[in-house]
Amino acid sequence: MKHTPKWLPALAATVLLLGGGLALLWQTGFFSSLGSLEEMRAYISHFSPFSHLFYFVVQLLSVVVAPIPSNITALAGALLFGTWPAFLLTWGAVVAGSVLVFWLARVLGQSFVDRLVSRAASTKYLDLVRRKRDVFLFLAFLFPFFPDDLLCILAGLTDIPLGRFCLLVLVARPWGLLASCLVGGSVLTVPYWAMALLGLAGLAVFVVCMKYGDRWEEKLLERFRK
């Protein structure tokens with residue numbers, strides 16, 4: 001008689017919770033509120049006194065459900081709760097969601113990934129994630145040009161240790177979310193031309209690091225070995 005894997009109950013509970021959360025968002029009109037920040041703010045505040053918890057759930061689901069833009073909901077959260085409460089809730093939810101999809105991909109394998117990630121995206125990014133691993137994931141999480149959530153799923157198909165993946169997510173993912181919360185909380189105002197310049201500078205840094213990152217990493221390792 002075959003034994004039930006220890007992770008199977010946790011997996012079943014996770015799938016049920018995610019499915020239930022998504023159904024709740026759909027039934028309560030969340031997706032129709034994505035048209036404006038004010039509508040989204042009003043939607044989240046409707047769940048008071050549990051609006052903080054509901055906001056956390058929304059941000060966690062944003063990692064699993066691609067149509068939910070976590071940076072946009074972070075703006076609405078900052079309008080409603082203030083900059084730092086919204087940032088801490090968003091950061092915690094995004095980290096938890098990132099680890100969750102990483103674990104699901106590792107447990108369920110390619111068949112699960114194929115349901116959430118298009119074949120084109122897998123072809124484009126999976127080889128890079130496998131070859132460059134830490135360097136690529138860190139830079140992709142750091143800059144806002146890449147599908148962070150999809151990369152978390154694809155990382156589950158690689159041999160990167162869970163602890164190292166968690167560290168990369170904790171260190172690299174919060175900065176774009178922090179910028180959104182600062183803007184939403186009216187702490188920081190960034191003109192469009194400045195955002196464009198920052199984007200170009202970030203892209204240039206990314207290209208250089210992808211080309212020379214392995215050499216720099218090896219030199220650093222050599223120094224540590226001495």
Side-chain angles (χ1 to χ4, degrees), residues 5 7-8 11 14-15 18-19 21-22 25 31 34 59-74 93-177 179-180 195-196 198-218 221:
W7 47 262
L8 189 57
L11 175 63
T14 298
V15 172
L18 290 176
L22 183 58
L25 294 182
F31 293 101
L34 292 175
Q59 293 296 66
L60 189 150
L61 287 173
S62 73
V63 181
V64 185
V65 185
I68 303 178
S70 57
N71 284 319
I72 301 301
T73 48
V94 168
V95 168
S98 300
V99 174
L100 175 62
V101 295
F102 175 91
W103 175 73
L104 288 173
R106 179 149 294 180
V107 170
L108 299 179
Q110 188 71 54
S111 60
F112 167 77
V113 173
D114 289 341
R115 294 178 182 274
L116 297 178
V117 183
S118 68
R119 180 63 61 181
S122 293
T123 302
K124 183 176 182 180
Y125 291 112
L126 184 56
D127 183 58
L128 271 175
V129 174
R130 282 175 171 156
R131 287 192 298 109
K132 300 291 185 177
R133 271 201 359 177
D134 300 15
V135 173
F136 177 75
L137 286 174
F138 178 80
L139 292 173
F141 289 158
L142 193 61
F143 298 116
F145 313 106
F146 301 92
D148 296 0
D149 301 334
L150 297 186
L151 292 177
C152 291
I153 299 172
L154 293 174
L157 297 179
T158 71
D159 60 352
I160 183 172
L162 176 60
R164 186 178 300 174
F165 175 79
C166 292
L167 180 61
L168 288 171
V169 171
L170 280 168
V171 172
R173 288 210 71 175
W175 304 110
L177 302 172
S180 295
M195 293 179 66
L198 288 172
L200 289 173
L203 181 60
V205 171
F206 179 84
V207 171
V208 171
C209 289
M210 286 302 300
K211 185 173 182 178
Y212 300 105
D214 290 342
R215 300 180 192 177
W216 296 341
E217 184 179 9
E218 186 60 32
L221 289 174

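Keep in mind it's a predicted model, so treat the numbers as computed, not measured.
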Write down the atom of [X], the atom of [Y], and the distance for their closest heavy-atom approach.
{"X": "Leu150", "Y": "Ala121", "result": "CD1-CB, 4.4 Å"}
{"X": "Val113", "Y": "Ser122", "result": "CG1-OG, 4.5 Å"}
{"X": "Lys124", "Y": "Leu128", "result": "O-CD1, 4.1 Å"}
{"X": "Leu60", "Y": "Ala96", "result": "CD1-CB, 4.0 Å"}

Would you check if [X] and [Y] make a side-chain contact, meaning some heavy-atom pair closer than 4.5 Å?
{"X": "Arg130", "Y": "Leu154", "result": "no"}
{"X": "Leu157", "Y": "Arg106", "result": "no"}
{"X": "Val63", "Y": "Asp148", "result": "no"}

Could you give the distance from [atom1] ([X]) to [atom2] ([Y]), rounded to the nearest 0.5 Å?
{"X": "Thr158", "Y": "Leu151", "atom1": "OG1", "atom2": "CG", "value": "11.0 Å"}
{"X": "Cys152", "Y": "Leu100", "atom1": "SG", "atom2": "CG", "value": "10.5 Å"}
{"X": "Leu104", "Y": "Ile153", "atom1": "CG", "atom2": "CD1", "value": "9.0 Å"}

*asked:* Working note: Trp103 + Leu162, criterion side chain to side chain contact (heavy atoms under 4.5 Å, CB included); need CA distance, chi angles, decisive distance, verdict.
replied: CA-CA 8 Å; Trp103 175 73; Leu162 176 60; 5.7 Å; no
_Donor-acceptor pair, distance only, cut-off 3.5 Å: does the side chain of Arg133 make one with the backbone of Ala155?_
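No, the answer is negative, given that no donor and acceptor are paired below the 3.5 Å cut-off.
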*Is the Tyr125 ring parallel, tilted or perpendicular to the Phe136 ring (thresholds 30°, 60°)?*
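Because their plane-to-plane angle lies in the 30° to 60° range, the rings of Tyr125 and Phe136 count as tilted.
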Table please: side-chain donor-acceptor pairs of residues 166-175 below 3.5 Å, with sequence neighbours left out.
{"unit_1": "Arg173", "atom_1": "NH1", "unit_2": "Ser98", "atom_2": "OG", "d": "2.7"}
{"unit_1": "Arg173", "atom_1": "NH1", "unit_2": "Asp149", "atom_2": "OD1", "d": "3.3"}
{"unit_1": "Arg173", "atom_1": "NH2", "unit_2": "Asp149", "atom_2": "OD1", "d": "2.9"}
{"unit_1": "Trp175", "atom_1": "NE1", "unit_2": "Val171", "atom_2": "O", "d": "2.8"}

